[in-house]
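Some notes on the structure that comes next.
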Amino acid sequence: MFSKHPAITRLLSKVKKLLRMSSTIPYTGYEVFDDTTPNTALYKKSLLDNYRSLEDAEGCRICEVVGWKEKKRSEHEFVVVSIIRGDQKAYVVFERGPDLDTPRQSLSSLSVASPGSSTTSVTSSALASSLPFGADDKVKFASSGDFQSRAKRIWRITFKNYPPFYIAVNIATTIFASFPDYVVSKTNCYFFTHVFHTMLLKECNDCMPTVQEGSTSAGHTLGVPFWSPPLTPEQLELRFKAAFDEQIKDFRKKLTEKAALTAKERHERDEVVRQEERDQHKVELDRVKEELKRQMEEKDRESKRKMEEKDRELEELRKFKLLASMGTTTAGAQSCE
């Protein structure tokens with residue numbers, strides 16, 4: 001899938017080379033925030049591609065989650081998840097904005113600000129209409145989890161037992177799957193941050209979370225509430241919970257199947273290696289047998305040569321004795337004469 005997004009591929013490969021980290025924890029400087037960052041669905045796909053198994057995914061854990069509000073006039077809200085794998089740490093930003101390229105209805109302009117990006121103006125008529133754009137839920141990577149120079153902290157969640165990072169990823173993708181429209185006064189960035197916060201606490205309750213309130217209020221612009229939930233809390237939880245459970249189940253299933261497939265491939269690869277070793281052993285054994293055969297033949301030839309040489313020596317000795325006896329007989333005959 002990354003083959004269709006070369007900019008993302010280059011970005012993640014540079015990050016991996018820079019920190020020598022697994023691509024399951026993308027990490028890069030704040031200054032590279034731009035349109036090459038993946039959306040939540042694409043990021044989830046990259047994790048599924050890079051994690052080797054569910055156990056591998058479990059190794060990447062959340063240590064802290066913070067909701068931030070930009071100090072700019074738009075007061076855009078976003079979530080920063082601090083994650084660890086072993087002694088490595090990274091910061092992943094989740095946020096929602098409108099997809100201005102695919103509006104549900106043509107609006108002249110819309111206010112949207114994101115970490116590291118400029119603010120686009122909003123017309124009052126557009127805000128009043130509250131008609132939807134498509135939502136553009138992004139994943140970005142930061143060099144630090146501290147955004148105090150440009151944002152105020154809304155809330156902070158820490159955990160006694162660190163939950164797996166893939167829970168946060170699936171919460172983000174479930175928000176988009178359940179609410180794919182960006183309605184200015186309803187399913188905006190405030191809604192995204194609120195749902196992320198609420199559902200993270202519910203899904204990670206066993207990890208003993210601790211919540212600290214920040215210095216500013218969520219969902220407010222210039223001190224005035226700027227959004228209203230599209231559903232009641234009960235309806236929202238019911239709708240989200242079913243979708244989230246399905247996504248988590250599918251995520252874990254795919255990693256389990258991948259691990260099983262990997263184990264099968266590893267077994268098949270090992271069997272090929274073992275067969276190659278057996279074939280090599282057979283070749284070596286045949287070579288040794290051939291060498292022994294050659295040595296035996298050489299030994300037989302040497303033995304035969306020695307026997308032939310000994311026979312020749314005996315024959316020569318017999319001839320010598322015969323000639324010697326004949327010489328003695330002739331000398332005796334001459335003496336008698």
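Computed from a predicted model, the values in this text were never measured in an experiment.
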Determine, step by step, whether Phe159 and Cys63 satisfy the side chain to side chain contact (heavy atoms under 4.5 Å, CB included) criterion, reporting the C-alpha distance in whole Å, the side-chain angles of both residues, the deciding distance to 0.1 Å, and the verdict.
-> CA-CA 6 Å; Phe159 302 91; Cys63 56; over 6 Å; no
Short side-chain to backbone donor-acceptor contact, [X] and [Y], under 3.5 Å:
| X | Y | answer |
| --- | --- | --- |
| Thr187 | Phe179 | no |
| Ser303 | Asp300 | no |
| Arg96 | Phe192 | no |
| Asn188 | Val184 | yes |
| Arg239 | Ser178 | yes |
| Lys258 | Asp49 | yes |
| Arg156 | Arg153 | no |

Between [X] and [Y], which heavy-atom pair has the shortest distance, and what is it?
| X | Y | result |
| --- | --- | --- |
| Ala142 | Val93 | CB-CG2, 4.3 Å |
| Leu200 | Ile157 | CD2-CD1, 4.2 Å |
| Ile62 | Pro164 | CD1-O, 3.7 Å |
| Glu77 | Thr193 | CB-OG1, 3.5 Å |
| Gly145 | Val80 | CA-CG1, 4.4 Å |

Heavy atoms, side chains only, cut-off 4.5 Å: are [X] and [Y] in contact?
| X | Y | result |
| --- | --- | --- |
| Glu313 | Leu317 | no |
| Lys89 | Ser82 | yes |
| Phe191 | Tyr182 | no |

May I have the step-by-step check of side chain to side chain contact (heavy atoms under 4.5 Å, CB included) for Val92 and Phe141, ending in yes or no?
-> CA-CA 5 Å; Val92 182; Phe141 318 117; 4.3 Å; yes
To the nearest 0.5 angstrom, please state how far the [atom1] atom of [X] sits from the [atom2] atom of [Y].
| X | Y | atom1 | atom2 | answer |
| --- | --- | --- | --- | --- |
| Gln212 | Glu64 | CD | CD | 8.5 Å |
| Cys207 | Lys160 | SG | NZ | 12.0 Å |
| Cys60 | Leu47 | SG | CG | 8.0 Å |
| Glu309 | Leu314 | CD | CG | 11.0 Å |
| Lys253 | Glu246 | NZ | CD | 9.0 Å |
| Lys152 | Lys69 | NZ | NZ | 9.5 Å |

Side-chain donor-acceptor pairs under 3.5 Å in residues 170-177, sequence neighbours left out?
| from | atom 1 | to | atom 2 | distance (Å) |
| --- | --- | --- | --- | --- |
| Asn170 | OD1 | Lys44 | NZ | 2.9 |
| Asn170 | ND2 | Tyr166 | O | 2.7 |
| Thr173 | OG1 | Val169 | O | 3.3 |
| Thr173 | OG1 | Asn170 | O | 3.1 |
| Thr173 | OG1 | Gln247 | OE1 | 2.7 |
| Thr174 | OG1 | Asn170 | O | 2.5 |

Look at the rings of Phe165 and Phe94 and say which category their plane angle falls in: under 30° parallel, 30 to 60° tilted, over 60° perpendicular.
-> tilted
In terms of the angle between their ring planes, are Tyr51 and Phe251 parallel, tilted or perpendicular, with boundaries placed at 30° and 60°?
-> perpendicular
Paired with Leu255, the side-chain contact (heavy atoms from CB on, under 4.5 Å) test is passed by just one of Asp250, Leu54, Asp56, namely Leu54
Decide, yes or no, whether a salt bridge links [X] with [Y] under the criterion of side-chain N to carboxylate O below 4.0 Å.
| X | Y | result |
| --- | --- | --- |
| Arg305 | Glu302 | yes |
| Arg287 | Glu284 | yes |
| Arg294 | Glu291 | yes |
| Glu55 | Arg52 | no |
| Arg318 | Glu315 | yes |

With a 6.0 Å cut-off on ring centres, are Phe78 and Tyr190 close enough?
->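 No.
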Provide the full list of salt bridge (charged side-chain N to carboxylate O under 4.0 Å, His left out) pairs with a residue in residues 201-218, sequence neighbours left out, each pair given once.
-> Lys202-Glu237, Glu203-Lys241
Begin from the C-alpha positions of Arg150 and Glu70 and carry the test side chain to side chain contact (heavy atoms under 4.5 Å, CB included) through to its verdict.
-> CA-CA 6 Å; Arg150 65 185 70 196; Glu70 287 274 6; 4.2 Å; yes
Can a donor-acceptor pair be found between the side chains of Gln280 and Glu276 at a distance below 3.5 Å?
-> no
Is there a donor-acceptor contact under 3.5 Å linking the side chains of Gln275 and Arg278?
->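 Judged by distance alone, the side chains do pair up.
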Please answer: with hydrophobic residues joined when any side-chain heavy atoms are less than 4.5 Å apart, are Val211 and Val65 in the same cluster?
->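 Yes; tracing contacts between hydrophobic side chains, which count when under 4.5 Å, links both residues.
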Check the hydrophobic clustering (I, L, V, M, F, W, Y; side-chain heavy atoms under 4.5 Å; chains of links allowed) and say if Leu201 and Leu231 are grouped together.
-> yes
Around Tyr162, counting heavy atoms of other residues, nucleotides and ligands shown, do more than 12 lie under 6.0 Å from its OH?
->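 It does not: Tyr162 OH has 12 such atoms or fewer within range.
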Verdict with reasoning, Glu95 to Cys189, per side chain to side chain contact (heavy atoms under 4.5 Å, CB included) | CA-CA 7 Å; Glu95 65 174 350; Cys189 63; over 6 Å; no
